[in-house]
Amino acid sequence: MKYLALTFLISISLTSFAKTGEGDGIEFFHGSFKQALAKAKKENKLIFFDAYTSWCGPCKVLKTKVFPDKELGEYMNAKFISIGVDMEAGEGPQLANMYPVEGYPTLMFMDAAGKVKKKVLGLPRGGAKELLTVAKSVK
């Protein structure tokens, strides 16, 4: 029984390390929304805003299956400052007043002033490829 438990723990550890390599997928900015806007303006980039909640199943799919995509990450990291915000915690409720959402996840593509250019409600059915197509259409 001990060996079975040990084997299980080792396989879980190896699986978590194998998910994505360094630099794969979308790199999310760790800071406030205001700081993300300032960074976007300074770097002449757009904003990708992932409005999610901790209980949202499709939001979790985005994080584990869509956002780690290498091709999507390469494009998004070059063109956007990406920020994910739990809309029920921290600055989320305040941002929910500024950017009302109809459901979760809501993905917003904005300019550096915070003006929404495109909005995607829900999990894109085409996954990373669909999200990449939407991102490329944002000017």
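- Side-chain contact between Phe67 and Phe48 is present, with at least one heavy-atom pair separated by less than 4.5 Å.
- Contact detail for Val134 and Val120: the closest heavy-atom pair is CG1-CG2, 3.9 Å.
- Residues Leu46 and Phe29 do not share a hydrophobic cluster, defined by chaining ILVMFWY side chains whose heavy atoms lie under 4.5 Å apart.
- Within the model, atoms CG of Asn44 and NZ of Lys79 stand 10.0 Å from one another, a figure rounded to the nearest 0.5 Å.
- Taking the side chain as every heavy atom from C-beta outward, Pro68 and Asp24 never approach each other to under 4.5 Å.
- Shown here are the salt bridge (Lys or Arg N to Asp or Glu O under 4.0 Å) partners of Lys118, two or more places apart in sequence or in another chain: there are none.
- Scanning all heavy atoms of the two residues, the minimum distance from Val85 to Gly92 falls at CG1-CA, 3.7 Å.
- Looking at Met87 and Leu95, their side chains come closer than 4.5 Å, going by heavy atoms from C-beta outward.
- Within the model, atoms CD1 of Ile26 and CG of Leu131 stand 6.0 Å from one another, a figure rounded to the nearest 0.5 Å.
- Note: Lys119 NZ to Phe49 CZ = 10.0 Å, rounded to the nearest 0.5 Å.
- Between Ala36 and Ile47 the shortest heavy-atom distance is O-CD1, 3.5 Å.
- Applying the side-chain hydrogen bond (donor to acceptor under 3.5 Å, both in side chains) test to every pair with at least one member in residues 95-112, sequence neighbours left out, gives no pairs at all.
- The closest side-chain heavy-atom distance from Met76 to Leu132 is not below 4.5 Å.
- Using a distance-only test at 3.5 Å, with no hydrogens or angles considered, no donor-acceptor pair links the side chain of Glu91 to the main chain of Ser32.
- At most 12 heavy atoms of other shown residues, nucleotides or ligands fall within 6.0 angstrom of atom CD in Glu71.
- For the atom pair CG (Leu37) and NZ (Lys42), the distance works out to 15.0 Å, reported to the nearest 0.5 Å.
- Here Glu88 pairs with nothing under the salt bridge (Lys or Arg N to Asp or Glu O under 4.0 Å) rule; sequence neighbours left out.
- If you take CG on Asp50 and SG on Cys59, they are separated by 6.5 Å, rounding to the nearest 0.5 Å.
- With rounding to the nearest 0.5 angstrom, the OG atom of Ser137 is 11.5 Å from the NZ atom of Lys117.
- At distances below 3.5 Å, at least one donor-acceptor pair connects side-chain atoms of Asn77 with backbone N or O atoms of Glu27.
- Both Val138 and Leu107 sit in one connected hydrophobic cluster of ILVMFWY residues. Membership requires side-chain heavy atoms under 4.5 Å apart, directly or through other members.
- Around atom NZ of Lys39, no more than 12 heavy atoms belonging to other residues, nucleotides or ligands sit under 6.0 Å away.
- Looking at heavy atoms from C-beta onward, Glu130 lies in side-chain contact with Arg125 at the 4.5 angstrom threshold.
- Residues Met108 and Phe33 fall within the same hydrophobic cluster, defined by Ile, Leu, Val, Met, Phe, Trp and Tyr side chains chained together at heavy-atom separations under 4.5 Å.
- The shortest distance between side-chain heavy atoms of Tyr52 and Asp86 falls below 4.5 Å.
- Leu123 and Leu121 fall into different hydrophobic clusters, defined by Ile, Leu, Val, Met, Phe, Trp and Tyr side-chain heavy atoms under 4.5 Å apart, directly or through other members.
- A continuous path of hydrophobic side-chain contacts links Leu62 to Phe80 [ILVMFWY only; heavy atoms under 4.5 Å].
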